[in-house]
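By convention here, the first residue in the shown sequence is residue 1.
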Amino acid sequence: YALYSKMSMGTFGTLMIKIAISLLCFCTACVYLKLFGNVIYMLTGVFMQLDGILASKAFYTCLIFAIMSPLMFFKDLSGLKKFTTIGVMGIVVAMVSIVLIFLYKSFNGMLPPFDNKYLWPNGTWLEILSILPASLDAYIFQQNTFPLYSQLKPRNTSTMKKAAFIGIFFAFIAYMLTG
């Protein structure tokens with residue numbers, strides 16, 4: 001991005017793009033930390049009785065931060081291979097847990113009866129528009145296109161298309177199951 005922004009907008013454009021991407025990454029990381037902390041808190045509360053410090057959502061957010069902090073110092077993406085596997089397994093475990101909780105609540109009559117109104121937006125236009133940034137966040141991966149492409153072996157358009165398709169397909173499945 002730095003190269004393209006310098007070519008099209010000069011030094012000022014390069015600086016603005018770097019600031020925008022840094023700010024976007026920082027804010028997205030904060031949102032993800034809070035989200036992951038809340039999900040871990042919820043899943044832990046389902047499977048065990050929480051008390052003391054374990055009953056705090058902030059504890060799980062800080063725990064996720066402490067685990068992920070050392071990963072930001074890797075110079076390239078190849079060092080994240082084993083951690084990516086752990087992350088993908090974490091997503092699979094979270095999705096399976098959410099589906100199991102849904103099935104448990106469904107079989108025990110803890111869910112409200114299904115109504116067709118759940119299929120359509122409900123709320124004021126401002127409330128409906130307020131979820132748009134969260135929906136677009138699903139496609140935040142574009143800024144990672146160049147680093148991902150540079151790590152591919154073999155590095156060509158076909159391999160990139162395959163990687164993008166697999167990533168989008170699994171993200172779609174995750175969003176459909178948990179949405």
Side-chain angles (χ1 to χ4, degrees), residues 20-72 77 80-145 148 161-179:
I21 288 175
S22 298
L23 189 60
L24 174 70
C25 290
F26 176 76
C27 293
T28 302
C30 290
V31 168
Y32 283 156
L33 281 173
K34 183 157 179 66
L35 174 77
F36 292 149
N38 289 345
V39 168
I40 298 293
Y41 170 78
M42 180 199 67
L43 291 174
T44 306
V46 167
F47 296 111
M48 58 189 271
Q49 187 68 19
L50 301 177
D51 58 349
I53 195 164
L54 295 178
S56 167
K57 291 180 184 178
F59 170 76
Y60 295 99
T61 302
C62 292
L63 181 66
I64 297 291
F65 176 75
I67 291 170
M68 293 179 70
S69 290
L71 304 179
M72 71 177 111
L77 295 177
L80 295 175
K81 233 180 240 182
K82 58 186 165 206
F83 299 107
T84 302
T85 304
I86 294 169
V88 169
M89 294 309 298
I91 290 169
V92 169
V93 167
M95 285 177 38
V96 168
S97 298
I98 289 170
V99 170
L100 289 176
I101 291 168
F102 172 78
L103 292 174
Y104 172 79
K105 288 185 173 187
S106 178
F107 289 130
N108 290 317
M110 300 169 78
L111 295 177
F114 179 76
D115 190 356
N116 284 340
K117 70 178 182 180
Y118 296 136
L119 300 175
W120 304 103
N122 185 11
T124 66
W125 281 104
L126 185 59
E127 291 171 338
I128 293 170
L129 288 176
S130 70
I131 66 158
L132 188 60
S135 301
L136 293 176
D137 193 43
Y139 302 101
I140 196 98
F141 63 86
Q142 289 94 347
Q143 69 189 31
N144 297 322
T145 302
L148 289 174
K161 281 183 183 179
K162 183 179 176 183
F165 175 79
I166 291 170
I168 290 171
F169 175 76
F170 282 110
F172 174 77
I173 297 298
Y175 274 87
M176 292 305 293
L177 285 176
T178 59

Nearest-0.5 Å distance, CD1 of residue I166 to CZ of residue F170: 7.0 Å

Nearest-0.5 Å distance, CG of residue N108 to CG of residue L103: 10.5 Å

Donor-acceptor check, side chain of [X] to backbone of [Y], threshold 3.5 angstrom: yes or no?
{"X": "Y60", "Y": "A55", "value": "no"}
{"X": "S56", "Y": "G52", "value": "no"}
{"X": "S69", "Y": "F65", "value": "yes"}

D115, CG atom: more than 12 neighbouring heavy atoms under 6.0 Å: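 For D115, atom CG is crowded (more than 12 foreign heavy atoms under 6.0 Å).
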
Check: F102 and I98 side chains under 4.5 Å, non-hydrogen atoms: no

Test log, rule side-chain contact (heavy atoms from CB on, under 4.5 Å), inputs F59 and L54: CA-CA 7 Å; F59 170 76; L54 295 178; 3.5 Å; yes

Acceptor/donor pairs from residues 39-50 side chains to any protein atom, 3.5 angstrom cut, sequence neighbours excluded:
{"from": "T44", "atom 1": "OG1", "to": "I40", "atom 2": "O", "distance (Å)": "2.6"}

Distance-minimising heavy-atom pair for I64 and L33: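 Closest approach of I64 to L33: CG2-CD2, 3.5 Å.
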
